[in-house]
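Just below is one structure, and these are the notes that go with it.
The residues of the chain are indexed from 1 along the displayed sequence.
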Amino acid sequence: QDVNAMLAEESEKLVREVLAAEIKAYGENDPAVAETLYDLTDVLLAQSRLEEAEATIRRALKIELDPADENRGFLPARLAEVLVAAGRFQEAEAQLKLAAGNLAEVLGMDDIAVARVLVDLATVYSRQGRLKDQEQILQQALTIAERSAGADSVDYAMVQSELGGLYFFQSRFAEAEPLLLRAHEALERELPADDEDLAWSRYYLGHLRWGQGRYAEADAYYAQAEKVIEDAYGSSHSNVADIVNCRANVLYDQGRYAEAEPLYKRAMAIWNGKRGSESALAMVQTNLGSLYTEVQRYEDAQKLLAAARQTYERIHGRQHPDYAYAVATDAWLLLAREQYAQAEPLAKQALEIYEKTYGPESSDVAAILVALAEIQIGQGKDEEGELLLDRAIRIFQRTRSFPVYQFRAYQDRAELNWKHDRQREAVADLHQAMELAEMQRSMSTGAERERARAFTQYSDVFHQMVAWQAQLGD
């Protein structure tokens, strides 16, 4: 951390010396000054000094440039980067559109610089929950990257990685996996092991393996990414917090709550008070609230979830998928407390947003369907609950994602079948739940003791199978 701070301080000193020399030689409005101000913005941004970075790049933008100067595109793109860091996505979108247009005018529409700006624009769309726009822009960037750099290039691989990450969030795992693997192979071949772009490729692969329940692989990818990003920026950087939060999610899904909690708290500590990190802080608050629900610390969970919902609503409004995530987690909390009437409208609200954002066949839709099914069953509406479970299981069978929720859906349906004297169907569903539990154990992180501890959360189904077989005389 001290080394990074010293390097940043030295870089800033050198850039400012160059800037002073250029102003003395050419005056404050020379294009060379604009370029150095661009470099200074980069240094300030790396230190999260957003107000200074914004003032610096806006100063550069006031300098008149030749119509053929490519900085007409690079300067607004840099301003957009600052605005994204500050959470000002609409302003960033306008700057990126300006940057893309200017670069296309100066360099041509098929220049790789245009593709890179389009990737940044896609990221802004992602943060706004505009996934269709994000996909369209990434497809456009991929086409440009192939024409300008070739399908074997690093730039093409980076766009593939971004597109694969989008497909993951849309539960399009069959499309995401080959894209992410091909991109990673290309980046691993062309880049050094400590390159940041390679680290983010591993980050996306970590997402994929986490969603598939392949936890040991997910954590290995996240750990590799974390080391590179921490070495580059220090342990208190927002990007480090992002990866730490992901590693906590891996532990959470294995039921290793005592290990996940300090990681969530570490991510919160990094993000807390950082300008532009409010949405990220709300995300980890929601995750930690979910953990507290699992360990029956309901009051603590409620406080965190209330804060997260308030933040999401203020930043994104009430139709954004991040807001839906907090609402859905609130529904799970009320379900755990058997407050079914209060939980039902929240689960339905989250379901509506997820369907609108991700489509009716996404994993997020399936997960909230499981919650809504349990809410209906808790109110004695078994038929409605079973229909919801049937739909959730069909989605999970197609996406092969989030085995924790798959397990719960099969277990719930097995109990319903047994309750209504459909013993054969009940045993079949419980077998499916047992297979998922065994798969989770085999793909868990840690040594055998940790895997065994994680497996205990699934032990009920094995005891249940023994009891049912005894009743059936098997």
Less than 4.5 Å apart, any side-chain heavy atom of [X] and any of [Y]?
X	Y	result
Arg202	His184	yes
Ser279	His316	yes
Ser290	Trp332	no
Val82	Leu44	no
Glu313	Arg309	no
Leu118	Leu138	no
Arg49	Glu54	no
Arg130	His320	no

Tyr203/Asp242 under side-chain contact (heavy atoms from CB on, under 4.5 Å): CA gap, chis, key distance, verdict = CA-CA 10 Å; Tyr203 169 85; Asp242 186 3; 2.8 Å; yes

Would you give the length of the straight line joining atom [atom1] of [X] to atom [atom2] of [Y], rounded to the nearest 0.5 angstrom?
X	Y	atom1	atom2	value
Asp231	Lys227	CG	NZ	4.0 Å
Met158	Glu190	CE	CD	13.0 Å
Tyr264	Tyr257	OH	OH	10.0 Å
Leu180	Glu175	CG	CD	11.5 Å
Leu198	Ser161	CG	OG	9.5 Å
Phe402	Asp253	CZ	CG	7.5 Å

Given the rule in the salt bridge (charged side-chain N to carboxylate O under 4.0 Å, His left out) test, do Lys419 and Glu383 qualify, once you have shown the distances and angles that lead to the verdict?
-> CA-CA 12 Å; Lys419 177 181 177 181; Glu383 186 175 348; over 6 Å; no

Least distance between heavy atoms, [X] atom then [Y] atom:
X	Y	answer
Leu333	Leu305	CD2-CD1, 4.0 Å
Leu334	Ala343	CB-CB, 3.6 Å
Ala199	Ala225	O-CB, 3.3 Å

Do you see a donor-acceptor pair shorter than 3.5 Å between the side chains of [X] and [Y]?
X	Y	value
Gln349	Tyr354	no
Trp210	Asn249	no
Tyr125	Gln136	no
Arg408	Gln411	no
Tyr325	Asn287	yes
Glu259	Gln254	no

Inspect the surroundings of [atom1] in [X] and state if more than 12 heavy atoms from other residues, nucleotides or ligands are less than 6.0 Å away.
X	atom1	answer
Gln397	CD	yes
Gln339	CD	yes
Glu51	CD	no

Just by distance, do the side chain of [X] and the backbone of [Y] share a donor-acceptor pair under 3.5 Å?
X	Y	value
Thr143	Gln139	yes
Thr293	Gly289	yes
Asp429	Tyr410	no
Ser362	Tyr358	no
Gln406	Ser401	yes
Asn417	Arg413	yes
Thr399	Ile395	yes
Ser153	Tyr156	yes
Arg72	Ala99	no

Report the C-alpha distance between Gln285 and Tyr312 in whole Å, list the side-chain angles of each, state the deciding distance to 0.1 Å, and finish with yes or no for side-chain hydrogen bond (donor to acceptor under 3.5 Å, both in side chains).
-> CA-CA 11 Å; Gln285 286 175 325; Tyr312 281 140; over 6 Å; no

Can you list the steps and then say if Tyr204 with Glu162 is a side-chain hydrogen bond (donor to acceptor under 3.5 Å, both in side chains)?
-> CA-CA 8 Å; Tyr204 282 129; Glu162 293 287 338; 3.0 Å; yes

Do any side-chain atoms of residues 295-303 form donor-acceptor pairs under 3.5 angstrom with protein atoms, and if so which ones, sequence neighbours left out?
| residue | atom | partner | partner atom | Å |
| --- | --- | --- | --- | --- |
| Arg297 | NE | Asp300 | OD2 | 3.0 |
| Arg297 | NH1 | Glu261 | OE2 | 3.3 |
| Arg297 | NH2 | Asp300 | OD2 | 3.0 |
| Glu299 | OE2 | Arg337 | NH2 | 3.1 |

Side-chain atoms of residues 144-152: list all donor-acceptor pairs with protein atoms under 3.5 Å, sequence neighbours left out, distances to 0.1 Å.
| residue | atom | partner | partner atom | Å |
| --- | --- | --- | --- | --- |
| Arg147 | NH1 | Asp110 | OD1 | 3.3 |
| Ser148 | OG | Ile144 | O | 2.9 |

Is Arg266 paired with Glu226 through a side-chain N to carboxylate O contact shorter than 4.0 Å?
-> yes

Output yes when Lys356 and Glu352 qualify as a salt bridge under the 4.0 Å nitrogen-oxygen rule, no when they do not.
-> no

His207/Phe169 aromatic ring centres below 6.0 Å | yes

What about the rings of Phe173 and Tyr167, do their centers lie closer together than 6.0 Å?
-> no

Within 45 degrees of the axis of the six-membered ring of Tyr38 and under 6.0 Å from its centre: does Arg78 put its NZ or CZ there?
-> yes

Derivation and outcome, salt bridge (charged side-chain N to carboxylate O under 4.0 Å, His left out), residues Glu386 and Arg422 | CA-CA 13 Å; Glu386 186 171 3; Arg422 300 191 296 265; 2.7 Å; yes

Residue pair Arg116, Glu81: steps toward the salt bridge (charged side-chain N to carboxylate O under 4.0 Å, His left out) verdict = CA-CA 12 Å; Arg116 291 169 183 163; Glu81 189 176 354; over 6 Å; no

Name the one of Leu83, Val119, Thr123, Val124 that satisfies side chain to side chain contact (heavy atoms under 4.5 Å, CB included) with Leu96?
-> Val124

Arg247 vs Tyr222, side-chain hydrogen bond (donor to acceptor under 3.5 Å, both in side chains): CA-CA, chis, key distance, verdict | CA-CA 7 Å; Arg247 297 190 75 179; Tyr222 285 142; over 6 Å; no

When you look at Arg314 and Glu278, which way does the salt bridge (charged side-chain N to carboxylate O under 4.0 Å, His left out) test go after all the steps?
-> CA-CA 10 Å; Arg314 175 172 52 82; Glu278 293 90 346; 5.3 Å; no

